[in-house]
Amino acid sequence: MQYTLGFIGCGNMGGALALAAAKAVDGNKIALCDYCADKAQALAEKINGTACDAETLVKNSKFVVLGVKPQNMEDTLLPLRSALQSGNHVVISMAAGVSIAALETLISAHVPIIRIMPNTPAQVGAGMILYDCKNVSKETEHEFLACFAKAGVIDKIPEDKIDAASALSGCGPAFVYAFAEALADGAVECGVPRDKAAIYAAQTLKGAAEMLLTYGHPADLKDAVCSPGGTTIAGIHALEKAGFRNAAMDAVAAAYKRTLELKK
């Protein structure tokens with residue numbers, strides 16, 4: 001194959017993964033395609049890749065990465081069905097709610113398929129990528145993992161759990177950004193300049209995440225910061241009074257419910 005990776009769809013998520021993959025795979029081994037040709041060309045220039053049409057990409061790429069929206073998947077795959085069936089290709093799909101079985105139906109063949117659910121921090125090497133696969137050899141699976149190793153943490157999970165897990169990892173960055181914005185607004189209300197408040201909020205979240213990844217046990221880490229009668233426990237009390245924990249749980253549950261609705 002001329003290309004190791006071919007990305008169909010160079011939007012926010014497809015573009016983020018392409019940028020991450022370019023740190024592990026030579027740009028000249030990456031092909032890019034988008035309904036907006038200028039977008040594919042701009043990304044190709046950034047990573048030293050190649051912009052081309054979808055059929056050329058499929059015929060010449062080992063891994064065909066589908067970065068299109070779920071509602072556009074059928075229109076994208078039907079014209080490419082013959083090319084996907086005839087070659088030694090591996091399909092990688094990141095479409096929310098589109099199962100491996102649904103992809104097999106659209107392609108009308110049991111080709112190797114890897115279903116992934118990444119998140120946008122993959123662009124800076126701090127992503128969380130969930131995946132499962134079917135008809136994929138161990139060697140090919142290892143190659144897939146190597147291609148996206150620079151994107152962040154990649155974890156295999158049974159496909160029937162991907163939708164629920166991605167309600168956390170896939171939608172979660174937006175929840176965190178909203179929390180960071182609220183923290184910064186609180187500091188601004190207390191007199192901190194906005195530019196500094198934004199930095200303080202982001203670094204605080206980054207540091208807390210590192211502590212969680214290093215030590216685990218979020219309840220224990222929280223309690224360690226809460227001195228009896230101190231400032232932090234007063235803040236925790238305010239969060240609990242406002243229903244913070246319930247709101248966070250409801251956000252994940254609502255995202256999962258919407259994913260299930262989109263699958264119908």
Side-chain angles (χ1 to χ4, degrees), residues 7 9-24 39 43 46 65-71 92-98 114-132 145 147-157 161-187 194-195 197-216 218 221-222 239 242-263:
F7 289 84
C10 302
N12 291 338
M13 198 64 257
L17 277 185
L19 287 168
K23 298 173 184 176
K39 184 182 292 186
L43 184 56
K46 186 177 292 188
V65 186
L66 302 173
V68 300
K69 295 179 180 179
Q71 59 267 33
I92 299 177
S93 170
M94 65 182 83
V98 181
I114 302 174
R115 183 182 171 195
I116 65 173
M117 282 308 301
N119 61 13
T120 51
Q123 184 171 343
V124 294
M128 181 72 246
I129 301 176
L130 315 173
Y131 84 98
D132 198 9
L145 293 172
C147 286
F148 294 101
K150 300 294 185 180
V153 176
I154 309 175
D155 189 58
K156 191 172 188 178
I157 183 172
K161 298 294 187 292
I162 284 181
D163 289 333
S166 67
L168 168 58
S169 61
C171 304
F175 306 155
V176 173
Y177 302 148
F179 182 46
E181 183 181 38
L183 289 176
D185 284 346
R194 180 164 293 281
D195 59 340
I199 294 172
Y200 299 163
Q203 184 60 38
T204 297
L205 291 174
K206 180 180 179 181
E210 288 292 342
M211 290 286 284
L212 283 168
L213 290 170
T214 301
Y215 300 109
L221 289 171
K222 172 181 66 67
L239 287 174
F244 173 75
R245 191 185 305 266
N246 285 339
M249 293 173 65
D250 286 348
V252 176
Y256 179 48
K257 179 182 178 182
R258 182 57 178 156
T259 298
L260 298 180
E261 290 172 351
L262 291 173
K263 292 175 71 173

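Note that OG1 of Thr204 and CZ of Phe179 are 9.5 Å apart. Values are rounded to the nearest 0.5 Å. Between atom CD of residue Glu210 and atom CD of residue Gln203 there is a gap of 9.5 Å, rounded to the nearest 0.5 Å. Here the straight-line distance linking atom CE of Met117 with atom CE of Met13 works out to 9.0 Å at 0.5 Å rounding. If you take CG on Leu66 and CD1 on Ile114, they are separated by 11.5 Å, rounding to the nearest 0.5 Å. Taking CG from Leu17 and CG from Asn12, the interatomic distance works out to 11.5 Å, rounded to the nearest 0.5 Å.
The two residues Leu221 and Gly216 have their closest heavy-atom pair at CD1-O, 3.2 Å. Across all their heavy atoms, Ile129 and Pro118 have their closest contact at CG1-CB, 3.9 Å. Of all heavy-atom pairs spanning Phe175 and Ala255, the tightest one is CZ-CB, 4.4 Å. Listed here is the closest heavy atom pair of Ala187 and Ala197: CB-CB, 3.9 Å. Heavy atoms only, all atoms of each residue included: Gln123 and Lys23 are closest at O-NZ, 3.6 Å. Here the closest non-hydrogen pair linking Gly15 and Leu43 is CA-CD2, 3.9 Å.
The aromatic rings of Phe148 and Phe7 sit perpendicular to each other, their planes meeting at more than 60°, with 30° as the lower class boundary.
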Output, in order, the C-alpha distance, side-chain angles, deciding distance and verdict of side chain to side chain contact (heavy atoms under 4.5 Å, CB included) for Val176 and Leu205.
CA-CA 8 Å; Val176 173; Leu205 291 174; 3.8 Å; yes
Apply side chain to side chain contact (heavy atoms under 4.5 Å, CB included) to residues Arg194 and Asp185 and explain how you reach the verdict.
CA-CA 8 Å; Arg194 180 164 293 281; Asp185 284 346; 2.9 Å; yes
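The local environment of OH in Tyr215 is sparse, with at most 12 non-hydrogen atoms from other residues, nucleotides or ligands closer than 6.0 Å. Within 6.0 Å of atom NZ in Lys156, more than 12 heavy atoms from other residues, nucleotides or ligands are found, so the atom counts as buried in its surroundings.
The one candidate from Ile157, Leu130, Asn119, Ile116 that meets the side chain to side chain contact (heavy atoms under 4.5 Å, CB included) condition with Ser166 is Leu130. No option in Ile154, Ile162, Ile92 other than Ile154 meets the side chain to side chain contact (heavy atoms under 4.5 Å, CB included) test with Tyr131.
Ion pairing between a basic and an acidic side chain is recognised when a charged N comes within 4.0 Å of a carboxylate O; Lys257 and Asp250 show no such pairing.
The shortest distance between side-chain heavy atoms of Cys171 and Val252 does not fall below 4.5 Å.
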